[in-house]
Amino acid sequence: RRRDNGSDDSESDEQNDAENEDEALRDTLRAVNASVAAARRRGGEERARLVAEATAAAKVTAEAAATRIEAEEMKRVVEQDRAALEAEKASHTFQNSTIVLSVGGHRFETSRQTLTSVSGTYLASMFSGRFPLTPNAEGAYFIDRDGAHFRHILNFLRDPVEKFKLNVNVNEGQREELVAELEYFGLLDRMLPYQAQERVGQSLLRRACLDGTRRALETAVAQARVLVFELGSTTPFLRERFQDLRWVITERVVNGSPV
């Protein structure tokens with residue numbers, strides 16, 4: 001009987017030890033889970049902190065970039081305004097610099113700005129500043145040309161954007177004199193761009209009048225109407241090298257027709 005009680009006590013102790021071990025294992029597991037949960041919380045908090053810091057840094061960077069762009073734009077505007085102001089000052093100085101011309105004994109007062117308003121001309125080259133000029137005793141620059149029609153040239157140079165219109169009271173002889181002056185000053189194509197074509201048209205009409213037939217007159221009129229024409233890039237039958245050109249009828253005659 002004593003042997004049985006001892007066996008029961010031993011089994012009870014083993015059972016208690018197993019329960020204690022299980023409880024200790026559960027406590028350890030709970031501690032590990034708590035540590036993991038705490039670590040996760042700390043990780044989440046750290047991640048949230050890093051995200052917040054990155055967001056704040058990005059915002060600061062964007063604001064700095066926007067401020068830099070705004071400052072650069074303000075600088076550009078200021079530089080443009082300064083350049084425009086300097087150009088305006090130069091323009092006023094340029095315009096106020098009076099130049100006196102003596103063209104064939106005719107006196108004209110103008111400005112360097114007007115004389116150089118059309119590049120590639122005699123006057124623009126003369127007053128470009130590349131060549132030394134010496135005025136005469138009266139302070140005028142002498143040009144040995146007929147000054148009778150120089151006012152037309154000067155009026156055109158004052159506003160070269162507008163199309164030049166010759167006074168209807170100018171007769172044929174005066175027009176020829178003006179043409180000679182325009183050729184000399186390099187302004188014929190700008191002031192009278194179709195002068196050569198007008199001559200061709202007149203020649204065609206004169207020949208038709210000498211012929212005297214109705215057919216000749218009708219043909220001359222039709223040809224004169226198309227002395228100058230333009231073909232644009234939308235003209236389908238032209239090769240590329242002939243696109244966007246101005247075509248004129250010349251005084252050459254082939255098979256009885258001008259070409």
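A search for side chain to side chain contact (heavy atoms under 4.5 Å, CB included) contacts involving Arg41 returns Ala37, Ala38, not counting sequence neighbours. Glu177 meets the side chain to side chain contact (heavy atoms under 4.5 Å, CB included) test with His149; sequence neighbours excluded. Residues meeting the side chain to side chain contact (heavy atoms under 4.5 Å, CB included) test with Leu210, sequence neighbours left out: none. Under the rule for a side chain to side chain contact (heavy atoms under 4.5 Å, CB included), the partners of Glu79 that lie at least two apart in sequence or sit in another chain are Lys75, Arg82. Annotation: salt bridge (charged side-chain N to carboxylate O under 4.0 Å, His left out) contacts of Arg190 (sequence neighbours excluded): none.
A salt bridge is defined here as a Lys NZ or Arg NE, NH1 or NH2 lying under 4.0 Å from an Asp or Glu carboxylate O, and Arg76 with Glu73 meets this definition. In this structure, Arg175 does not pair ionically with Glu172, as no charged nitrogen and carboxylate oxygen lie closer than 4.0 Å. Checked for salt-bridge contact, Arg49 and Glu53 meet the test: a charged N lies under 4.0 Å from a carboxylate O.
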Acceptor/donor pairs from residues 64-71 side chains to any protein atom, 3.5 angstrom cut, sequence neighbours excluded:
from	atom 1	to	atom 2	distance (Å)
Thr67	OG1	Glu63	O	2.7

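The line from CZ of Phe142 to CG of Asn136 is 9.0 Å long, rounded to the nearest 0.5 Å. Put simply, OG1 on Thr134 and OH on Tyr141 are 7.5 Å apart, with the number rounded to the nearest 0.5 Å. Here the straight-line distance linking atom CG of Leu178 with atom CZ of Arg151 works out to 9.5 Å at 0.5 Å rounding. For the atom pair Leu133 CG and Ile99 CD1, the distance stands at 8.5 Å (nearest 0.5 Å). Summarising the geometry, atom CZ belonging to Phe108 is positioned 9.0 Å from atom OG belonging to Ser102; distances are rounded to the nearest 0.5 Å.
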Full working for side chain to side chain contact (heavy atoms under 4.5 Å, CB included) between Arg158 and Ser117: CA-CA 8 Å; Arg158 287 174 177 138; Ser117 61; over 6 Å; no
From CA spacing to verdict: side chain to side chain contact (heavy atoms under 4.5 Å, CB included), Asp27, Glu23: CA-CA 6 Å; Asp27 290 342; Glu23 184 64 27; 3.4 Å; yes
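Relative ring orientation between Phe185 and Tyr122 is described as perpendicular, the plane-to-plane angle rising above 60° on a 0-90° scale split at 30° and 60°.
The main-chain N or O of Phe127 is found under 3.5 Å from a side-chain atom of Arg112 such that the two form a donor-acceptor pair. When atom types are taken as modelled, the side chain of Thr121 and the backbone of Gly186 share no donor-acceptor pair closer than 3.5 angstrom. Within the 3.5 Å criterion, the main-chain N or O of Thr110 finds no donor-acceptor partner in the side chain of Thr114. Under the 3.5 Å distance criterion, the side-chain polar atoms of Glu183 are left unmatched by any main-chain donor or acceptor of Ala180.
Counting heavy atoms from C-beta on, the side chains of Glu181 and Asp146 come closer than 4.5 Å.
With a 6.0 Å cutoff to the six-membered ring centre and a 45° limit on the axis angle, Arg145 does not count as a cation-pi contact of Phe150.
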